[in-house]
Amino acid sequence: NNNIGDEGAIAIANALSTNTSLKKLWLNGKEIGNEGAKALATTLATNTSLQTLWLDNNNIGDEGAIAIGRALATNTSLKTLSLYSKNIGNEVKSQLRRVATQKNIAFYI
């Protein structure tokens, strides 16, 4: 079982906070929820190496997606973000699209 959940996402976020070489990270279908997304968002805000992040088919809802959107505002390296989740509302999806467009990030939701 490789469903890492929030606990695993928090551990990955902690590792990413000091990592300067990882460029791509796929965490699709890992049962990550809002707490894990918020931890990843905290790291995204300052990480300067990650270029691609896939978080499709997790349990991320509006709260986690909003945190990721806020992180995009200060992130300087991300080029691609995929965040398909049936738990994210249309208004939050629209907000994320706007931020991604402003930052020239390829965004899939």
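Nearest approach of Ala13 to Ala39, heavy atoms of both residues: CB-O, 3.4 Å. The two residues Lys30 and Asn2 come nearest to each other via the heavy atoms NZ-ND2, 3.0 Å.
Rounded to the nearest 0.5 Å, atoms CZ (Arg97) and NZ (Lys93) are 7.0 Å apart. Distance check: Ile66 CD1 to Ile88 CD1 gives 9.5 Å after rounding to the nearest 0.5 Å. Here the straight-line distance linking atom CG of Leu81 with atom CD1 of Ile105 works out to 7.0 Å at 0.5 Å rounding. Note that the CG atom of Leu44 and the CZ atom of Arg70 stand 14.5 Å from one another [nearest 0.5 Å].
With Ile32 as reference, Leu27 is the one residue of Asn59, Ile10, Leu27, Asn57 to meet the side chain to side chain contact (heavy atoms under 4.5 Å, CB included) rule.
In this structure, Leu55 and Leu40 have side chains that are in contact, with non-hydrogen atoms separated by less than 4.5 Å.
A distance-only check finds no donor-acceptor pair linking the side chain of Asp62 to the backbone of Val92 [under 3.5 Å].
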Donor-acceptor pairs under 3.5 angstrom involving side-chain atoms of residues 17-25: please list them, not counting sequence neighbours.
from  : atom 1 : to    : atom 2 : distance (Å)
Ser17 : OG     : Asn14 : O      : 2.6
Thr18 : OG1    : Ala15 : O      : 3.4
Asn19 : OD1    : Ser21 : N      : 2.8
Asn19 : OD1    : Leu22 : N      : 2.7

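With sequence neighbours excluded, no residue forms a side-chain contact (heavy atoms from CB on, under 4.5 Å) with Gln102. Under the rule for a side-chain hydrogen bond (donor to acceptor under 3.5 Å, both in side chains), Glu31 has no partner lying at least two apart in sequence or in another chain. Evaluation of the side-chain contact (heavy atoms from CB on, under 4.5 Å) rule for Lys38 yields Glu35, Glu63, Ala67 as partners, not counting sequence neighbours.
Applying the side-chain hydrogen bond (donor to acceptor under 3.5 Å, both in side chains) definition to pairs two or more places apart or across chains, those involving residues 75-89 are Asp56-Ser82. For the salt bridge (Lys or Arg N to Asp or Glu O under 4.0 Å) condition, no pair includes a residue of residues 10-22, sequence neighbours left out. For residues 86-109, every residue pair satisfying the ring-ring contact (aromatic ring centres under 6.0 Å, His included) rule, not counting sequence neighbours, is listed here: Trp54-Tyr108.
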**OP:** Using the side-chain contact (heavy atoms from CB on, under 4.5 Å) rule, take Ile68 and Leu53 through it: C-alpha gap first, then chi angles, then the decisive distance, then the call.
**Re:** CA-CA 11 Å; Ile68 290 171; Leu53 178 60; 5.8 Å; no

